[in-house]
Novice: 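Okay, here's the structure, questions in a sec.
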Amino acid sequence: MHDILIVGAGPAGLTSAIYGARGGKSVLILEKLSYGGQIINTPEVENYPGTKHTSGFELAPSMYEQATSLGAEFAYGEASGISKETDSEGKPYFKVSTKNAIGEAGPDYESRTVILATGVQSRPLGLPREERLVGAGISYCATCDGAFFRGKDVAVLGGGNTALEDAEYMADIANKVYLVHRRSEFRGDEITVRRLEEKPTVEFVLDSVPVEILGEPVVSGLKVKNVKTDEERELPVNAIFVAYGKVPENQNFSEVAELDKAGFFASGESCLTGTPGIFVAGDARAKTRRQLVTATADGAVSAMSAIEYINTI
Ligand code: NAP
């Protein structure tokens, strides 16, 4: 029986672990992939106070080591469900069931509290054959896969900060980068747009949406349509980096933590849910700003709330 079980080892979950362990509680972090969450794919981190410049590659292991050196335990596995239980003394606890990477049932874990820091997943492009071509030209992470396309032509899709940063990253690697966005204005930061305008390898393809992935068995192009003129154009690219934002995958936990219409945990800044003992943290929570610093803030708040709850039961 642990005091605090944390689902997800991104910045939110790792911060919960640091606060929980420092608060003298036994902590288990459960993670289905590897620690770090989305930050692990971020090459430039310049907005985390106290560190002028770092990368997710450096920051994530440092957070992990901080949590485990304080005594937090770490286990691999995907949390597949949570049930409410009561022990022989009448005290409430939760049983967290798990499955492994190939979908087989894993061990059950018991904990007095659970912090759900499940993060978000990449939103798909939504075109036929997309899933089949993942690894054959379709990617959701330019910093992970970009080096495979050195000297080639690529497309980056989206207009948020991820798309802008992906385009900037690929501009120095690829021969040509088409930045395809459905509007004429970008959602991401103006300063990055200005830098991209100076890059000779980058072409903005605005007011345009992708309509067909070309190539078999690997990507050889992308057909796009201008939404104002209906004109179609084929971009001769070997890779398509999709940066359409992220979506939550919280369905497994909807019985213990209410979800909003978009599937995010419907909790306020307090990180509390309607179930005493269940807390939520990070990008999986309904919020307006998803940043590294807001994720770590949730981690701290949720762990302090969990400690307070444990001390009252
Ligand atoms: P995002 O801000 O939600 O942007 C997603 C982009 O994809 C938008 O431009 C959106 O277009 C487009 N899009 C979504 N669905 C689409 C569809 N079906 N068809 C065509 N276009 C579609 O996601 P993000 O860029 O991953 O950023 C997520 C959060 O992380 C943001 O708060 C961002 O600021 C933050 N972030 C920060 C940094 C940094 O500070 N260094 C780096 C990366 C991300 P519309 O604009 O038309 O809606």
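Sequential numbering from 1 along the given sequence is applied to the chain's residues.
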Novice: Distance from L30 atom CG to I115 atom CD1, nearest 0.5 Å?
Specialist: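 Answer for the CG-CD1 pair, L30 versus I115, is 13.0 Å.
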
Novice: We want to know whether S26 and D3 form a side-chain donor-acceptor pair, criterion being a heavy-atom distance below 3.5 angstrom.
Specialist: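 A donor-acceptor contact under 3.5 Å links the two side chains.
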
Novice: To the nearest 0.5 angstrom, please state how far the CZ atom of R123 sits from the CG atom of L125.
Specialist: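 Reported to 0.5 Å precision, the distance equals 12.0 Å.
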
Novice: Should the ring pair H181 and F186 be called parallel, tilted or perpendicular, given that the plane angle runs from 0 to 90° and is split at 30 and 60?
Specialist: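 Plane angle under 30°, so parallel.
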
Novice: Walk me through it: do S122 and K246 pass the test side-chain hydrogen bond (donor to acceptor under 3.5 Å, both in side chains)?
Specialist: CA-CA 4 Å; S122 299; K246 309 285 176 182; 3.2 Å; yes

Novice: Could you label the plane-to-plane angle of the F253 and F265 rings as parallel, tilted or perpendicular, counting under 30° as parallel and over 60° as perpendicular?
Specialist: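 Answer is tilted, since the angle falls between 30° and 60°.
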
Novice: Let me confirm one number: the OG1-CD distance from T294 to E269, rounded to the nearest 0.5 Å.
Specialist: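 T294 atom OG1 to E269 atom CD measures 8.5 Å (nearest 0.5 Å).
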
Novice: Return the CD1 to CZ distance between I213 and R132, rounded to the nearest 0.5 Å.
Specialist: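 So the gap between those two atoms works out to 10.0 Å.
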
Novice: Within 45° of the axis and under 6.0 Å from the centre of the six-membered ring of Y178, does NZ or CZ of K176 qualify?
Specialist: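 Judged by the rule, K176 and Y178 form a cation-pi pair.
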
Novice: Does E46 have more than 12 heavy atoms from other residues, nucleotides or ligands lying within 6.0 Å of its CD?
Specialist: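 Atom CD in E46 is packed in, count exceeds 12.
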
Novice: Which heavy-atom pair separates P92 from I313 by the least distance, and what is that distance?
Specialist: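 So the two residues come closest at O-CD1, 4.1 Å.
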
Novice: Kindly compute the distance separating OG1 (T98) from NZ (K32), expressed to the nearest 0.5 Å.
Specialist: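 Going from the OG1 atom of T98 to the NZ atom of K32 covers 13.0 Å.
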
Novice: Using modelled atom types only, decide if a donor and an acceptor are shared between the side chain of S80 and the backbone of S97 within a distance under 3.5 Å.
Specialist: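 Pair found, side chain donor or acceptor close to backbone of S97.
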
Novice: I'd like to know whether Y109 forms a ring pair (Phe, Tyr, Trp, His ring centres under 6.0 Å) with H2, so could you lay out the CA-CA distance, the side-chain angles of the two residues, the decisive distance to 0.1 Å, and finally the verdict.
Specialist: CA-CA 8 Å; Y109 295 98; H2 286 86; 7.3 Å; no

Novice: Quick one: CD1 on I82 to CG on D108, what's the gap to the nearest 0.5 Å?
Specialist: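 One finds 11.5 Å between CD1 of I82 and CG of D108.
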
